[in-house]
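The structure under discussion appears below in the form of structure tokens.
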Amino acid sequence: MKEAIKIFTEQFPVVFSALNIGFLQTLKLFFTTLLCAIPLGLIISFGSMSKFKPLSAFTKVIVWIIRGSPLMIQLLIVYFFPGLVLHKNIWGMGEAGRFMAATVAFTLNYACYFSEIYRGGIQSVPVGQQEAGKVLGLSGTQIFFKITLLQMIKRIVPPMSNEIITLVKDTSLARIIALQEIIWAGQAFMKGSKGISGAIWPLFFTGIYYLAFSGFLTVLFGKIEKKLDYFKN
Amino acid sequence: MALLEVKNIHKKFGKTEVLRGIDFSLEKGEVLSIIGSSGSGKTTLLRCLNFLETPETGTISVGNKVLFDGESAKKLSDDEIREKRLHFGLVFQSFNLFPQYSVLENVTLAPAVLKKDTNEEIKKNALELIERVGLSDKANNYPCELSGGQQQRVAIARALALKPDILCFDEPTSALDPELTGEVLNVIKSLKSSDSTMIVVTHEMEFAKNVSDKVIFMADGVIIEQGTSEDVFDNPKSERVKAFLSKIKK
């Protein structure tokens, strides 16, 4: 037991700093994905609600493919397929290239999930709200931004917080293309890195990072929900 | 010359013909009540006037200007429709206030977005309207904090804020209990003046009889009888109207 504690205290500083670097990459992937997927999801949801049938059918097929297949496979396809077909690496070299590819795959995947949540949110705003906007002479765009949007946001906060907390953990899938996120950083100590090898505890320890961050998000979403409590739909 | 002239309006939903040739006219400052049983097309007629539905045929003119013509309706752009619909205001049966905005913001929203005036003028005008419907002390409250009757009065102020030529009410008290009905009807009554023209679809016969200058009785998508409120209520010509009124009196 004493021996174990001694090893742990020796290893901890090295592991801690490596995991921090990995977690930074995790956060970078998380925030970049959100930043791109939140607006892209809105565009996709408008596509799937379009009255122009070919567009809505096309969008629905895309959403089906993306939601219907594992994100891990999508990551592999996005990263390797362009190279197989074009015989060149469109993502750029090294970690930056892997990050680009991972961001594209995650954004596409999450935008499709978001689009369905948005669609549900928009369609659950009573049609009378739109009609009230119309008879007041507002345009479709004005009605969406001034009337529908906030009511939709209020409705979608709970499902979105679900999805976003899932994204925190899904970032670990980027390990499959060797993105150096926190799982990758933890796993390195099993194979051997910085003088430590055969240690599995760093991998277990990564769980604390995920827990802490999703705890923070849970509190944040609770705050947002409360903030929107001043009106009833 | 009449302010509003409606000619030969036909409207179908799928195969069901809901309006089968509606003609009427209205002078400036008049109050018109449209009565009749449910499903007779009253609401659809109001929705056609407000461009929420597009009739297949017919014309709608306001002050000599043809706003709608079934012949060329398909060619109207969204911007043209928005422009035209501002001649009319509509108060809904279910109020449809914007829940995320305060009473004041509900009234100022459209004039501010459409840049009808300076912000100070819009606010001043809105506060006057809110006072007119008796809700000055509620200006900063949210719709969920108001009773149904109060919400409907806000909806009236909101519609008035755009100064429509003709204000339409679609069964404004049908979602209210009798106590609240009175306060809303009193507000509508108080709006009656030489320059406000109103069309009220209603089941409140007392109100229709006492307040309207003109009454239209509709059934199955056509106007069965129209005239002054005395004509329709006291000396109805058609059997249909007589039967309807006698049922209500019981």
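Because the structure is predicted, anything quoted here is derived from the model rather than measured. Reminder, nothing fancy here: chain letters follow the sequence lines and each chain counts from 1.
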message = Given heavy-atom pairs under 4.5 angstrom as the criterion, report whether the side chain, backbone, both or neither of B:Tyr142 touches chain A.
response = side chain
Under 4.5 Å from any heavy atom of chain A - which part of B:Leu86 = side chain
inquiry  = Taking the basic N atoms (NZ, or NE/NH1/NH2) and the acidic carboxylate oxygens, is any pair closer than 4.0 Å for A:Lys226 and A:Asp229?
reply    = no
query = Can we say B:Arg47 and A:Glu131 salt-bridge, meaning some charged N sits less than 4.0 Å from an Asp/Glu carboxylate O?
reply = yes
query = Between A:Tyr110 and A:Phe106, how do the two ring planes meet: parallel, tilted or perpendicular, split at 30° and 60°?
reply = parallel
request  = Specify which of B:Leu109, B:Leu114, B:Asp78 makes the most heavy-atom pairs with chain A at under 4.5 Å.
outcome  = B:Leu114
task = Against chain A, work out which of B:Phe88, B:Phe51, B:Phe92 has the most heavy-atom pairs shorter than 4.5 Å and name it.
result = B:Phe92
request  = Check whether the ring centres of A:Phe30 and A:Phe213 lie less than 6.0 Å apart, and answer yes or no.
outcome  = yes
note = Honestly, the part of A:Gln129 sitting under 4.5 Å from a heavy atom of chain B is both
query = Would B:Ser33 and B:Ser212 satisfy side chain to side chain donor-acceptor pair (under 3.5 Å), going step by step from the backbone distance to the final call?
reply = CA-CA 6 Å; B:Ser33 287; B:Ser212 351; 2.8 Å; yes
